[in-house]
Amino acid sequence: MCGIVGYIGKRQAAPILMAGLHRLEYRGYDSAGIAVGNKGTLKVAKCKGRVRELDELKPQRFKGMMGIAHTRWATNGEPSDRNAHPHCDSAGRFAVVHNGIIENAAALKEQLTARGVTFSSDTDTEVFAHLIAMMDDGSPLENVVSAALRLVVGTYGLAVIDAARPDVLVVARNGSPIVLGIGDKEMLFGSDSAAFVRHATSMVHLDDGEIAVVRADGYETRKLDGTSTVKTPSALVWKDEAYEKGAFDHYMRKEIGDQPEAVRRTLGGRLDARFQTTHLGGIELAARDLLDVRRIKLLGCGAAYIAGATASHLIEQLARLPTQAEPASEFRYRNPVIEMDTLYIAVSQSGETFDTLAAVQEIKRRGGRIIGIVNVVGSTIARECGHGIYLHAGPEIAVVSTKTFTCSVVALALLAIHLGRLRDLSNANGARLIKGLEALPDHIAAILKREDEIAQLAECFQKAEHAFYIGRAAGYAIAMEGALKLKEVSYLHAEAYPASELKHGPLALVTSETPTVIVLPRDDLYRKNVSTIEEIKARGGPVIAITHPGEAHVAFDRSFEVPMLEPELDPLLLNIPLQLLAYHVALQRGCDIDQPRNLAKSVTVE
Ligand code: F6R
């Protein structure tokens, strides 16, 4: 979603800010803008559209050694030039960029209008710019911003500059991330560290309710009431090169290709061949605590929820613990029962998804035990959970998640083995699964080498406007993920169904132009799936099977075989062709693969 970047130092701010905006493009946005301060004046440029259009629009001479910039994802007010951030007060002295939603904006706007303020946008953010201007009594900028923030109800990650105070920037956080980047006699900040990774050597995450005063030579943090807070900078985890697309046309394709290495990193140092178990120091739960666990609940949104759904089968099989996945976005609205012997697990790539964070906070508030499965180190969900398993998958830039889906399931497989080995999972089975996990990266790499075959499967979707994705048990979870990928990047309507449910309704929609993709492992349910395929074929529906080698007991229209690994880990391999399938369908349909319409990478609003 919206992105923020800021700079103050001895260099020209605009090129650094524009590069930062390019880095944040992956989050999804509809307009962009920049403001720099120079010799008591502010220069502002903003427009609807892409960052490259802002680059063209922005005057050549756009000098100033401090500034802020923004990519906006419309929430209040349509995407337009006038609604793009930064927003300024009437005198053009203060500029504000803001992520989040000011809930009492309408009331504040009314009060400001009554005092003669004219608004030039439909946004909630502009209210804040006028509020600061009105409250400015000449005291330090952080005091003025704090006073204004005390009147605001809502969520924000925001940054303010004042033309008359060119040596300071103020940022604040409440529900929307802000990270400070510490450079060499210069300071930066962003809504995520991607914005400044090239220039900073360490970073500091603000907490909710904190405000930071940022100068070229350092920063101070405090609460809104003025009490100082102490922060310890941490090293930047991902270097600049990790954000590069390399020789690939799209980040999605690059990240699908990253998977063998990403999985190796998720596994790194965590397999214990000696005791046929896994090491998970980050969960900080002793064997005794884990033995007290009677139930597992996995929470996440979108692909993170589906990763939980996929792994729930694995955990139940290996640890024999009742395990259930639920969309985090639904969880807190149904007054859930929080059980003390349940282990709650939040799954999130970004670690910033608002709905998942809210579920974590609700569980904590009610005394539940929670760990996080998170990719971004130091992110809000990771910090809120306190304990968990980092994926170490590297940055995921494409809006759709691919490698972090796989790595989340792998991390949960590690947990499943760990829990299983504390209970009834035998040495032999522990050893078998560990060997399976070790072999996983090479198997993924082998599937990726057969991309041409999958590109040919994509041709089946040329005339389609609808598709079914079906499977049973963990295969159904993989079907859900396959359908989500196809929807997101190709805009085809894809519906995932448990194969067993097809005959209870959706079969009515099967036609010769509605392909069905079936996730078809050679497991105990193979024969049942074959019956479902026969039902589809009897209605003239084309069937594409993602399956294992062996004699086919039914004629598919197309199929792709993945190697058999271990039954519990097979879903991970069956998913890889579905990622490539979605990619190639989108490619053939000419879609904007890395930034699909209406989607954002890190959904930090409700
Ligand atoms: C799907 C996708 C989204 C995210 C969801 C959760 O491809 O990318 O559905 O999975 O928004 O995001 P995180 O994992 O960052 O919490």
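Counting from 1, the numbers follow the sequence of the chain as shown. Excluded from the calculations below are hydrogen atoms, water molecules and symmetry mates; all remaining heavy atoms, backbone and side chain alike, are included.
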Passing candidate, side-chain hydrogen bond (donor to acceptor under 3.5 Å, both in side chains) with T229, options K223, E220, E210
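Considering K223, E220, E210, a side-chain hydrogen bond (donor to acceptor under 3.5 Å, both in side chains) with T229 is found only for E210.
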Verdict with supporting geometry, Y344 and E339, side chain to side chain contact (heavy atoms under 4.5 Å, CB included)
CA-CA 9 Å; Y344 293 89; E339 295 164 312; 4.3 Å; yes
Quick one: sort the Y243 and W238 rings into parallel, tilted or perpendicular, breaks at 30° and 60°.
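Judged by the thresholds at 30° and 60°, the geometry between Y243 and W238 is perpendicular.
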Given salt bridge (charged side-chain N to carboxylate O under 4.0 Å, His left out), test D292 with R369 step by step and report yes or no.
CA-CA 12 Å; D292 287 342; R369 193 170 9 173; 5.6 Å; no
Between the main-chain N or O of [Y] and the side-chain N or O of [X], is there a donor-acceptor pair closer than 3.5 Å?
X	Y	value
R383	G378	yes
E53	R50	yes
E396	K403	yes
N174	G154	yes
D289	A286	yes
D594	Y251	yes

Do D162 and I132 touch side chain to side chain, with heavy atoms closer than 4.5 Å?
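No. Closest side-chain heavy atoms not under 4.5 Å.
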Can a donor-acceptor pair be found between the side chains of [X] and [Y] at a distance below 3.5 Å?
X	Y	answer
E352	S379	no
T125	T123	no
Y26	D192	yes
Q349	S401	no

When D207 is tested against each of R173, K231, R222 for salt bridge (charged side-chain N to carboxylate O under 4.0 Å, His left out), which residue passes?
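Testing each of R173, K231, R222 against D207, the sole residue satisfying salt bridge (charged side-chain N to carboxylate O under 4.0 Å, His left out) is K231.
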Count the heavy atoms belonging to other residues, nucleotides or ligands that lie under 6.0 Å from [atom1] of [X], then report whether that count exceeds 12.
X	atom1	answer
K48	NZ	no
R115	CZ	no
R288	CZ	no
E110	CD	no

To the nearest 0.5 Å, how far apart are [atom1] in [X] and [atom2] in [Y]?
X	Y	atom1	atom2	result
E186	R11	CD	CZ	4.0 Å
I345	S408	CD1	OG	11.5 Å
T155	D124	OG1	CG	8.5 Å

Heavy-atom closest pair, residues [X] and [Y]:
X	Y	value
C385	I371	SG-C, 3.9 Å
V377	H205	O-NE2, 3.9 Å
I4	G157	CD1-O, 3.2 Å
G190	F196	N-CE2, 3.6 Å

Salt bridge check: are [X] and [Y] linked by an N-O gap of less than 4.0 Å?
X	Y	answer
R23	E244	yes
R332	D355	yes
E56	R52	no

Kindly indicate, with the supporting measurements, whether the criterion salt bridge (charged side-chain N to carboxylate O under 4.0 Å, His left out) is fulfilled by E326 and K297.
CA-CA 7 Å; E326 183 176 341; K297 182 94 191 176; 2.7 Å; yes
Ring centroid separation H130 to F119 under 6.0 Å:
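Close enough - the centres of the two rings lie under 6.0 Å apart.
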Please step through side chain to side chain contact (heavy atoms under 4.5 Å, CB included) for the pair V144 and D137, ending with a clear verdict.
CA-CA 7 Å; V144 182; D137 56 1; 4.1 Å; yes
